[in-house]
Chemist: 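Please see the structure below; I have some questions.
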Amino acid sequence: MRLRYVVLVLLLAMALIGSACSSSGAEEPAAPADDAESSSSEGSGDEASESDSSEDEASAEETSEDASESQELQEVSLRLDWLYGSEHAPYFVAQEKGFFEEAGLDVTIREGEGSSVSSKVVGAGDDTFGVVAAGTVLLSVAEGIPIQAVATVFQDTPTAIIFPDGADISGPKDLEGKRLGVLIKSVTYNEWEAIADIHELDRDAINEVAMDRGIVEPMLADRIDAGIAWLINDGVQLGVQGQETDWIPFSELGLEIPSSTLVANTETIEQNPEMVEAFVGAVLRGWQYTIDNPDEAVEIFKEYAPDADPVFNEEKLPLVLDLTESEQGLGHSNPDAWQNLKQLYQDSGLLEEDIDLSTVYTNDLMPE
Amino acid sequence: MNPKAMVAVAGVLVLWEVGVRVLAVPRYLLPPLSTILIEMWASRAELLSQTVPTLMEIGVGYFIALLFGFLVAIPVAYSRLVEEAVFPVLVTVQVIPKIALAPLFLVWLGFGLAPKIAIAALIAFFPIVVNTVKGLRSVEQEMIQWMRSMGAGPWEIFTKLSLPWALPYILAAMKVSIGLATVGAITGEFVGTDRGLGYVILRGMVNVDTAYMFAGLISVSILGITLYMLVAALERWLLSWQSSVEAPPETM
């Protein structure tokens, strides 16, 4: 037993260090951009290329207009924050309407598994861009993950207290004594802790029940009285499932912080800022088009994500678009909101070190 | 642990600490061991309190696996009919990845300790059955006949001959199963929990607090190793009378 144990420990330690070293040392985070740069002088046709993502239906297609351009399309990828939802419609719109192409980009759009995964994936250079919640960006940068937010998509957080219509809940205090579903793997849990703090709730008096993927089923099954989740997802979904639902957004409870952002690897930004700016520009065009033509955007979404629930996604789009409203301009990162976020996370102990917000987000890559 | 093993382990830990610093491995990939240990000390109250629910899940799951493993193994060992009927079912259950069943258990059994206990028990169960059957069947027929000729009844043969004979096999499986029960409990926690060491690891991951995540990981490892050593000690104690007999084959 002893020898086996020692050998096992040795192997494990070597595997640990070996994998950590290989991830950090040699890999080029900006690989896609670099490859594209160097191949533009060669005649290699990389447009209409089958990307390696098997779930990809969103690969850009060559049009005759591009054949006349000497510029090859740069291959980049975008890792979403979750499974396809209509909050991702603008990216498909940018694809379909050729905005990415006009920006010189061949974009592969990939479904995600949460902000903390997208942040690490972009940090490791496996995807060029990612959709990551602002709170997660903040914590990631503090931890040393090399990413930066280049645009803020949701100016407000969609997190809300969600409950069946008619329930005796008019404010967070009313949650005391009730069963509350919380998504512990989600950034919404951090936001919940902040709200509990701000409103001085007695958390021992609230029966918090940890959920994994969402609060919809437990609420329909009456296992919880209320839940903390995104109103644009779980909130709308409950309505679609036939349950009259109401919600109190955290943004109305004093939590004025940003939510989803677009991030890029810092090395990509350093080595290829024009490409990043072009990408942001194309994405913002996609968002603006979606705001101006929501019905068409929904149709494009259904085409690119045939497995997604069409009714649910159509229902939630207006609420999604509300979140992007900004006085400073679409996609702009609002310094006050980000400062609020940093303050909040510091107060709750999530963020231990002081961090310079200019390393966390930037407005420098916005189109003119 | 003998001195050689201690030196080897110490060597690995030093290699980790030095290697990570010399090679400038980023903190979010692999923090230095010292950072993790400091974090573990700082969070010791939290880690200790979170060990309790995980330990309970492992313990109860393990006990259920032992009990049912044993109860199922006896008829399977002594009846070809039962074996042929039951074994394919057992193998099928064993082969289904429990992590795929975990979300189902959550729906059936709720969000408390129950689904984790169920998964732990389910994973730990199979080696107990297999080894107990093998152990009981490996008894020399001549010894059984000899005891019968001396007037021993089936119960006496079972408790005084077969069971002690099978003990090395059973204990070998018990050592494997305690590790599996630990894996099962953590798997269950990963799918849905608000407490336990799996929860600690999850929070570390979501909060991008790599040191905290590793603190949870190392705590689980320590827990698993401790439990294994307890079972190994039990084995040594129970089998101390066997020192004169050749060691039986182990499943590990």
Side-chain angles (χ1 to χ4, degrees), chain A residues 1-7 9-14 16-25 114-117 119-120 123-124 133 135-146 181-190 208-213 217-218 221 223-224 345 349-352, chain B residues 1-2 4-20 22-31 33 102-103 106-107 110-112 175 189-196 199 202-214 217 221 225 228-229 232 235-236 250 252:
Chain A
M1 170 222 160
R2 295 198 180 101
L3 182 62
R4 232 177 284 135
Y5 163 60
V6 170
V7 170
V9 170
L10 263 164
L11 282 170
L12 181 65
M14 277 192 264
L16 263 175
I17 299 186
S19 62
C21 290
S22 60
S23 305
S24 73
S115 283
S116 59
V117 172
S119 113
K120 287 174 185 140
T136 308
V137 179
L138 188 61
L139 292 175
S140 301
V141 173
E143 188 73 356
I145 300 183
V182 289
L183 302 169
I184 57 163
K185 288 190 204 167
S186 154
V187 93
T188 57
Y189 190 65
N190 297 341
E208 287 180 30
V209 186
M211 316 255 119
D212 181 36
R213 296 235 128 190
E217 279 94 25
R223 289 245 220 93
I224 52 175
Y345 274 36
L350 278 170
L351 184 64
E352 282 163 353
Chain B
M1 249 204 293
N2 65 51
K4 287 181 224 164
M6 281 172 67
V7 168
V9 171
V12 165
L13 298 179
V14 167
L15 196 68
W16 174 349
E17 179 72 20
V18 171
V20 156
V22 163
L23 296 166
V25 177
R27 172 175 117 197
Y28 66 90
L29 285 178
L30 183 64
L33 181 59
L106 227 56
V107 173
F111 284 83
K175 287 199 294 189
E189 284 188 9
F190 263 41
V191 176
T193 188
D194 57 359
R195 71 192 90 153
Y199 172 73
L202 273 177
R203 291 308 297 163
M205 196 179 76
V206 171
N207 286 345
V208 202
D209 190 345
T210 320
Y212 191 66
M213 189 175 89
F214 268 92
L217 262 167
S221 306
I225 292 169
Y228 182 90
M229 281 168 41
E235 180 191 41
R236 274 194 303 277
E250 295 183 335
M252 256 184 110

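Excluded from the calculations below are hydrogen atoms, water molecules and symmetry mates; all remaining heavy atoms, backbone and side chain alike, are included.
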Chemist: What residue among Ile145(A), Val141(A), Val137(A), Leu138(A) forms side chain to side chain contact (heavy atoms under 4.5 Å, CB included) with Val208(B)?
Modeler: Ile145(A)
Chemist: Taking all non-hydrogen atoms of both residues, which atom of Glu143(A) and which atom of Asp209(B) are closest, and how far apart?
Modeler: OE2-C, 3.9 Å
Chemist: Measuring heavy-atom distances to chain B, does Ala142(A) have an atom under 4.5 Å in its side chain, in its backbone, in both, or in neither?
Modeler: backbone
Chemist: With side chain to side chain contact (heavy atoms under 4.5 Å, CB included) as the test, would you mind laying out the steps for Tyr199(B) and Ile184(A) before giving the verdict?
Modeler: CA-CA 9 Å; Tyr199(B) 172 73; Ile184(A) 57 163; 3.5 Å; yes
Chemist: Please check if the number of heavy atoms outside Arg223(A) that lie under 6.0 Å from its CZ is greater than 12.
Modeler: yes
Chemist: Examine whether an atom of Leu139(A) lies under 4.5 Å from a heavy atom of chain B, and if so say whether it belongs to the side chain, the backbone or both; otherwise answer neither.
Modeler: both
Chemist: Count the heavy atoms of every other residue, nucleotide or ligand shown that sit under 6.0 Å from CD of Glu217(A), and state whether that count exceeds 12.
Modeler: no
Chemist: For Thr193(B) versus Ala210(A), what's the shortest heavy-atom pair and its separation?
Modeler: O-CB, 3.2 Å
Chemist: Considering only heavy atoms and a distance below 4.5 Å, find which of Asn190(A), Val209(A), Val9(A) pairs most often with chain B.
Modeler: Asn190(A)
Chemist: How far does CG of Leu12(A) sit from CH2 of Trp16(B), to the nearest 0.5 angstrom?
Modeler: 8.5 Å
Chemist: Where does Ser186(A) contact chain B at under 4.5 Å (heavy atoms): side chain, backbone, both or neither?
Modeler: backbone
Chemist: Using the rule side chain to side chain contact (heavy atoms under 4.5 Å, CB included), only one of Leu351(A), Thr136(A), Val187(A), Leu350(A) pairs with Asn207(B); which is it?
Modeler: Leu350(A)
Chemist: side-chain contact (heavy atoms from CB on, under 4.5 Å) with Leu11(A): which residues, sequence neighbours excluded?
Modeler: Val7(A)
Chemist: Using non-hydrogen atoms only, which part of Ile225(B) is less than 4.5 Å away from chain A: side chain, backbone, both, or neither?
Modeler: side chain
Chemist: Can you name the nearest heavy-atom pair linking Tyr28(B) to Gly123(A), along with the distance?
Modeler: OH-O, 4.0 Å
Chemist: Once side-chain contact (heavy atoms from CB on, under 4.5 Å) is applied, do any residues pair with Val191(B), and if so which ones, sequence neighbours excluded?
Modeler: Asp212(A), Ala102(B), Pro103(B), Leu106(B)
Chemist: Which atoms of Arg203(B) are under 4.5 Å from chain A, going by heavy atoms: the side chain, the backbone, both sets, or neither?
Modeler: side chain
